[in-house]
Amino acid sequence: MSDLVVKPSCGLKGSLVLPGDKSISHRAVLFAAIADGNTVVTGFLNGEDTLNTARAVQMLGVPIEGLGTGTDRLVVHGKGLDGLSEPAGVLDLGNSGTGMRLLAGLLAGQDFFSVLTGDQYLKKRPMARIVEPLRQMGALIDGRSSGKLAPLAIRGGGRGIRAINYASPVASAQVKSAILLAGLYADGVTSVSEPSKSRDHTERMLRFFGVEVSEEGGRVSLRGRQKLTAKGLLEIPSDVSSAAFFMVAASIVPGSDLTIRNVGVNPTRTGIVDILTAMGADITLLNRREQAGEPVADIRVRHRKLRAVQISGDMIPRAIDEIPVISVAASYAQGRTIIRDAAELRVKESDRIAAMASELRKMGADVTELSDGMDITGRDSLSGALCESHGDHRVAMSVAVAGLAAKGDTIVRDTGWIDTSFPGFERLLNQTAYS
Ligand code: S3P
């Protein structure tokens with residue numbers, strides 16, 4: 001078990017490039033696998049989560065050059081829509097909800113049997129949200145607790161898979177993507193609606209591969225049996241969810257002036273920019289451009305005293321993975337921040353509401369748990385403490401960021417989890433926070 005010792009910083013400075021976007025990396029290997037032709041993927045995230053998805057894709061008979069060598073450049077030899085083959089073993093997605101749920105959708109459309117499993121945390125996360133619609137589409141799926149929990153055993157519907165018109169009770173890109181992936185194998189039009197718009201990387205990447213995807217009145221639809229065509233190069237930008245840790249750190253540590261280059265700024269993901277800006281942060285997006293259908297920019301952040309903000313409703317899916325580090329920003333902001341409508345945080349890699357409230361309180365923050373959020377009154381300073389990661393990469397990194405602006409040292413225990421999404425976090429923190 002590795003620990004991270006965080007000393008107070010006198011300001012984060014310079015310019016840095018972060019690892020590739022996790023959501024886009026999962027999709028890049030999955031979609032390139034069922035495309036006709038080869039795809040060169042650059043900026044692939046070499047995190048445990050996305051490596052597990054790529055290994056699973058290999059077990060489905062798709063050669064991937066470069067995988068496991070540490071390079072962020074992979075060559076995926078696409079097998080076409082009907083080219084996957086039955087895996088000889090169990091597909092282990094480790095800690096990754098995205099890997100498991102998106103693969104379940106893809107496998108629901110196959111003509112073979114497969115089993116998906118994961119680590120102790122993933123095996124506790126809700127799977128009924130994808131199992132129910134995929135069963136309605138004709139896939140035979142079983143799992144622990146009648147299919148509510150992994151491991152999941154999937155006998156794909158093959159040519160018998162049926163299109164569906166599904167109203168998802170949760171705003172979840174994983175649910176939406178699983179259904180659209182299965183829908184690719186059905187005759188007819190599959191559509192999904194959700195209570196508020198979740199990240200749209202699946203829609204954008206399917207279009208990049210030449211699939212027609214329509215959106216009307218909050219409903220995303222596609223006609224099945226459309227072929228994906230490889231486009232040669234697929235460039236993945238850096239992950240805005242990883243940038244979020246540095247954006248908050250630079251906002252709360254006096255003396256900071258930091259530029260994060262080549263970050264994905266898809267509007268369904270940039271709640272963090274909008275929330276910090278509403279809190280008074282000094283953030284500028286520079287050099288805006290587009291890569292593989294995704295908006296990209298450089299982000300400059302300078303320290304400025306933050307003020308409290310109210311966060312709820314449609315903003316939540318746009319910032320869902322950033323709420324832990326936003327709770328850190330709120331702990332240093334002037335006034336009372338209330339976060340609501342975020343009950344989904346309780347079923348992430350850990351219960352992120354309970355985890356952040358408990359760790360921030362150890363540092364002297366004034367945080368009250370709400371059933372669906374947090375009530376936080378900011379303080380001028382927090383104190384370093386001995387904190388836990390709760391087996392959750394984003395909790396570990398959020399607590400480390402809180403430590404940068406605290407008085408005294410903070411020790412975050414069991415930080416190996418950070419590698420699921422952000423290998424090199426500690427090195428980049430040391431490079432920018434103490435120079
Ligand atoms: C993701 C969707 C979100 C997010 C997760 C990645 C994705 O989960 O929290 O980190 O890549 O589709 P939900 O779809 O469950 O909200």
- Message: With side chain to side chain contact (heavy atoms under 4.5 Å, CB included) as the criterion, how do Lys231 and Thr229 come out once you've worked through the C-alpha distance, each side chain's angles and the decisive distance to 0.1 Å?
- Response: CA-CA 6 Å; Lys231 289 288 167 342; Thr229 308; 4.0 Å; yes
**Study point:** Worked verdict on Thr117 versus Leu91 for side chain to side chain contact (heavy atoms under 4.5 Å, CB included)
**Key:** CA-CA 6 Å; Thr117 192; Leu91 307 177; over 6 Å; no
Apply side chain to side chain donor-acceptor pair (under 3.5 Å) to the pair Thr337 and Gln310, showing each step before the final yes or no. CA-CA 6 Å; Thr337 291; Gln310 310 293 312; over 6 Å; no
task: Please lay out, stage by stage, how Ser177 and Thr202 fare under the test side chain to side chain donor-acceptor pair (under 3.5 Å).
output: CA-CA 6 Å; Ser177 304; Thr202 291; 2.7 Å; yes
Go through the steps for Asp298 and Arg261 under the test salt bridge (charged side-chain N to carboxylate O under 4.0 Å, His left out), then give the verdict.
CA-CA 4 Å; Asp298 300 335; Arg261 303 214 180 276; 3.6 Å; yes
Inset, instruction - For Thr98 and Gln174, run side chain to side chain donor-acceptor pair (under 3.5 Å): C-alpha distance rounded to whole Å, both residues' side-chain angles, the deciding distance at 0.1 Å, then the answer. - result: CA-CA 6 Å; Thr98 307; Gln174 295 177 3; 2.8 Å; yes
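Across Gln226 and Leu184, no two heavy atoms sit closer than the pair O-CD2, 4.0 Å. Across every non-hydrogen atom of Gly118 and Asp92, the tightest pair is CA-OD1, 3.5 Å. Across Leu74 and Leu67, no two heavy atoms sit closer than the pair CD2-N, 3.6 Å. Minimum interatomic distance between Ile339 and Ile316 (heavy atoms only, all atoms of both residues): CG2-CD1, 4.2 Å. For Val253 against Ser9, the heavy-atom pair with the smallest separation is CG1-O, 3.3 Å. Among all heavy-atom pairs drawn from Ile275 and Val309, the shortest one is CG2-CG1, 4.2 Å.
The closest donor-acceptor contact from the side chain of Asp409 to the backbone of Lys7 lies at 3.5 Å or more, if one exists at all. In this structure, Ser196 contributes its side chain and Asp314 its backbone to no donor-acceptor pair below 3.5 Å. At distances below 3.5 Å, not a single donor-acceptor pair connects side-chain atoms of Ser350 with backbone N or O atoms of Gly391. In this structure, the side chain of Glu359 engages the main chain of Glu388 through a donor-acceptor pair within 3.5 Å. Using modelled atom types, one side-chain atom of Asp239 and one backbone atom of Lys22 make a donor-acceptor pair closer than 3.5 Å. Side chain of Thr270 to main chain of Val273: no donor-acceptor pair is present (N/O by atom type, distance under 3.5 Å, no hydrogens or angles). Under the 3.5 Å distance criterion, the side-chain polar atoms of Glu426 are left unmatched by any main-chain donor or acceptor of Asn430. One N or O on the side chain of Ser238 and one on the backbone of Leu18 form a donor-acceptor pair closer than 3.5 Å. The closest donor-acceptor contact from the side chain of Thr268 to the backbone of Arg318 lies at 3.5 Å or more, if one exists at all.
Using modelled atom types, one finds a donor on one side chain and an acceptor on the other under 3.5 Å when comparing Asn266 with Asp200. Between the side chains of Ser241 and Glu322, a donor-acceptor pair is found at a separation under 3.5 Å. In summary, the side chains of His201 and Arg269 do present a donor paired with an acceptor at a separation below 3.5 Å, with no hydrogens or angles considered. Between Asp375 and Thr368, the side chains place no donor N or O within less than 3.5 Å of an acceptor N or O (distance only, hydrogens not considered).
A salt bridge links Asp82 with Arg225: the closest approach of a Lys/Arg side-chain nitrogen to an acidic carboxylate oxygen falls below 4.0 angstrom. The pair Asp119-Lys124 does not meet the salt-bridge criterion, since no charged nitrogen lies less than 4.0 angstrom from a carboxylate oxygen. Using a cutoff of 4.0 Å between basic side-chain nitrogens and carboxylate oxygens, Glu369 and Arg346 are scored as salt-bridged. With salt bridges taken as basic N to acidic carboxylate O contacts below 4.0 Å, none links Glu349 and Arg394. Note on Arg135 versus Glu132: no salt bridge recorded, every NZ/NE/NH1/NH2 to OD/OE distance being 4.0 Å or above. With salt bridges taken as basic N to acidic carboxylate O contacts below 4.0 Å, one links Asp187 and Arg159. One finds a salt bridge joining Asp372 and Arg340 here, because a Lys/Arg side-chain nitrogen approaches an Asp/Glu carboxylate oxygen to under 4.0 Å. Between Glu203 and Lys176 there is a salt bridge, since a side-chain N of the basic residue sits under 4.0 Å from a carboxylate O of the acidic one.
A 4.5 Å side-chain heavy-atom check between Phe422 and Pro19 finds at least one atom pair inside the cut-off. In this structure the side chain of Gln110 reaches within 4.5 angstrom of the side chain of Tyr185, judged on heavy atoms. Looking only at side-chain heavy atoms (C-beta outward), Ile320 and Arg199 come within less than 4.5 Å of each other. For the pair Ile326/Ile311, a side-chain contact is recorded, criterion being any heavy-atom separation below 4.5 Å from C-beta on. Between Met356 and Ile323 the shortest side-chain heavy-atom distance does not fall below 4.5 Å. Two residues are said to be in side-chain contact when any heavy atoms from C-beta on lie closer than 4.5 Å; Val76 and Val41 meet this criterion. Within the 4.5 Å cutoff, side-chain heavy atoms of Ile283 are placed close to those of Ile299. Annotation: side chain of Ile418 is in contact with side chain of Met397 (closest heavy-atom distance under 4.5 Å).
For Thr71, the side-chain contact (heavy atoms from CB on, under 4.5 Å) test picks out Thr69, Arg73, with sequence neighbours left out. With sequence neighbours left out, the side-chain hydrogen bond (donor to acceptor under 3.5 Å, both in side chains) criterion links Arg155 to no other residue. Residues forming a side-chain hydrogen bond (donor to acceptor under 3.5 Å, both in side chains) with Asn262 (at least two apart in sequence, or on another chain): Arg289.
Among residues at least two apart or in separate chains, ring pair (Phe, Tyr, Trp, His ring centres under 6.0 Å) pairs with a member in residues 75-128 are Tyr121-Trp417. Among pairs with a residue in residues 97-113, none fulfils salt bridge (Lys or Arg N to Asp or Glu O under 4.0 Å), at least two apart in sequence or across chains. Among residues at least two apart or in separate chains, there is no ring pair (Phe, Tyr, Trp, His ring centres under 6.0 Å) pair with a member in residues 20-71.
Between Phe425 and Phe245, the ring planes lie perpendicular to each other; the angle is over 60°, past the 30° to 60° tilted range.
A 6.0 Å sphere centred on CD of Glu290 holds more than 12 heavy atoms belonging to other residues, nucleotides or ligands. Shown here is Lys197, whose NZ atom has more than 12 heavy atoms of other residues, nucleotides or ligands within 6.0 Å.
Results of the salt bridge (Lys or Arg N to Asp or Glu O under 4.0 Å) test with Glu344 over Arg352, Arg125, Arg129 single out Arg129 as the only residue that passes.
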